Chemist: 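My questions all concern the structure below.
Sequence lines set the chain letters: A, B, ... in the order given, protein chains first and strands last, and positions in each chain run from 1. These numbers were taken from a predicted model, which means no experiment stands behind them.
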Protein chains: 2
Amino acid sequence: MHYEDIKILIKQRRRILGISQNDLALLSNIGLRTIKALESGKANPRLATLNKVFNVLGLELIIRIKDIDE
Amino acid sequence: MHYEDIKILIKQRRRILGISQNDLALLSNIGLRTIKALESGKANPRLATLNKVFNVLGLELIIRIKDIDE
DNA sequence: ACACAAAGAGCAATATGCTGCATTATTGTA
DNA sequence: TACAATAATGCAGCATATTGCTCTTTGTGT
């Protein structure tokens with residue numbers, strides 16, 4: 001998973017849900033400044049931060065064994 | 001995904017590969033102290049940290065839309 | 001039991017994520 | 001165009017992850 005994925009995914013998903021960055025910040029209890037950092041790709045977020053945002057967006061992080069062929 | 005999962009997964013996976021915490025630290029270019037924190041569950045790691053470790057362990061993080069029924 | 005390797009834990013220094021505030025830019029709508 | 005809502009950016013302070021150092025504890029093999 002790359003930062004680009006997160007950047008795009010969060011923004012896409014947020015728009016699907018029809019909420020603003022500010023809404024997402026309030027709902028996830030994360031600073032607006034951090035949401036913006038996430039969506040602009042300038043972020044190396046902590047796991048807890050990512051989880052909070054993902055919970056609101058209905059996304060989840062999972063770990064899996066890497067496929068050989070990719 | 002919860003911290004518990006990471007804690008267990010990393011340790012399990014590392015042992016499957018037959019390497020020590022120190023080996024993992026060197027291979028992933030992460031401080032030994034951080035590896036220990038990860039495996040003892042006292043960690044809210046940064047995404048980059050998790051990625052480095054997972055790369056060595058042949059694991060990967062992926063994002064998916066949460067299932068309704070779980 | 002003994003020796004050695006591996007793992008766990010406390011501490012302080014450093015790096016950097018997270019935050020709010022203020023400002024500017026962009027986008028959407030009437 | 002004008003206005004409002006949303007988004008982007010710079011900055012500084014705070015919070016905390018990361019790190020090496022050191023010591024202790026646990027595990028493994030002889």
Chemist: How far does CG of B/Leu50 sit from CD1 of A/Ile63, to the nearest 0.5 angstrom?
Modeler: 6.5 Å
Chemist: At how many degrees, to 10°, do the end axes of the helix from C/dA1-D/dT30 to C/dA30-D/dT1 meet when each uses five pairs?
Modeler: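 Here the helix ends are tilted 60° relative to one another.
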Chemist: Closest heavy-atom contact between A/Ala37 and A/Ala43?
Modeler: O-CB, 3.7 Å
Chemist: Would you name the heavy atoms of B/Gln21 and B/Arg14 that are closest together and state the gap between them?
Modeler: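 That would be N-NH1, 3.3 Å.
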Chemist: For B/Ser20, which residues count as a side-chain hydrogen bond (donor to acceptor under 3.5 Å, both in side chains) partner, sequence neighbours excluded?
Modeler: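 side-chain hydrogen bond (donor to acceptor under 3.5 Å, both in side chains) list for B/Ser20, sorted by chain: B/Asp23.
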Chemist: Using the heavy-atom set of chain B and a strict 4.0 Å cut-off, write down the first and last nucleotide of DNA chain D that makes it in, 5' to 3'.
Modeler: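 Here the contact window of chain B covers D/dA17 to D/dC21.
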Chemist: Do A/Ile10 and A/Leu24 have side-chain heavy atoms sitting under 4.5 Å apart?
Modeler: yes
Chemist: Shared ILVMFWY cluster between B/Val53 and A/Ile65, side chains joined below 4.5 angstrom?
Modeler: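 Yes; A/Ile65 is reachable from B/Val53 via cluster members.
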Chemist: How would you list, by chain and number, every residue that makes a salt bridge (Lys or Arg N to Asp or Glu O under 4.0 Å) with A/Arg46, sequence neighbours excluded?
Modeler: none
Chemist: Which residues in residues 15-25 of chain B have at least one heavy atom lying under 4.0 Å from any atom of DNA chain C?
Modeler: B/Ser20, B/Gln21
Chemist: Does B/Glu39 or A/Ile35 map to a spot on DNA chain C nearer the 5' end, using the closest nucleotide for each?
Modeler: B/Glu39
Chemist: Partners of B/Arg13 by salt bridge (Lys or Arg N to Asp or Glu O under 4.0 Å), sequence neighbours excluded?
Modeler: none
Chemist: Report yes if the side chains of A/Thr49 and A/Thr34 come closer than 4.5 Å at any heavy-atom pair, otherwise no.
Modeler: yes
Chemist: With sequence neighbours excluded, tell me which residues meet side chain to side chain contact (heavy atoms under 4.5 Å, CB included) with A/Leu26.
Modeler: A/Asn22
Chemist: Give each protein N/O atom lying under 3.5 Å from an N/O atom of nucleotides 13-17 of chain C, with the pair distance.
Modeler:
from: C/dG17; atom 1: OP1; to: A/Asn44; atom 2: ND2; distance (Å): 3.4

Chemist: Going by the rule side-chain hydrogen bond (donor to acceptor under 3.5 Å, both in side chains), which residues pair with A/Lys52 if we only count those two or more places apart in sequence or in a different chain?
Modeler: none
Chemist: Could you tell me whether the side chain of B/Leu17 reaches within less than 4.5 Å of the side chain of B/Val56, counting heavy atoms only?
Modeler: no
Chemist: Could you check how far CG of A/Leu26 sits from C1' of C/dC18, rounded to whole Å?
Modeler: 16 Å
Chemist: By side chain to side chain contact (heavy atoms under 4.5 Å, CB included), which residues pair with A/Asn55, not counting sequence neighbours?
Modeler: B/Lys66
Chemist: Grab the N/O contacts between the protein and nucleotides 22-29 of chain C below 3.5 Å, and write none if there aren't any.
Modeler:
none

Chemist: Looking across every strand, which nucleic acid part, if any, lies under 4.0 Å from A/Lys11 by heavy atom: base, sugar-phosphate, or nothing?
Modeler: sugar-phosphate
Chemist: For the residue pair A/Leu59 and B/Arg64, establish whether any side-chain heavy-atom pair is separated by less than 4.5 Å.
Modeler: no
Chemist: With sequence neighbours excluded, what pairs up with B/Ala25 under the side chain to side chain contact (heavy atoms under 4.5 Å, CB included) test?
Modeler: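 Only B/Leu32, B/Ile35 meet the side chain to side chain contact (heavy atoms under 4.5 Å, CB included) criterion with B/Ala25.
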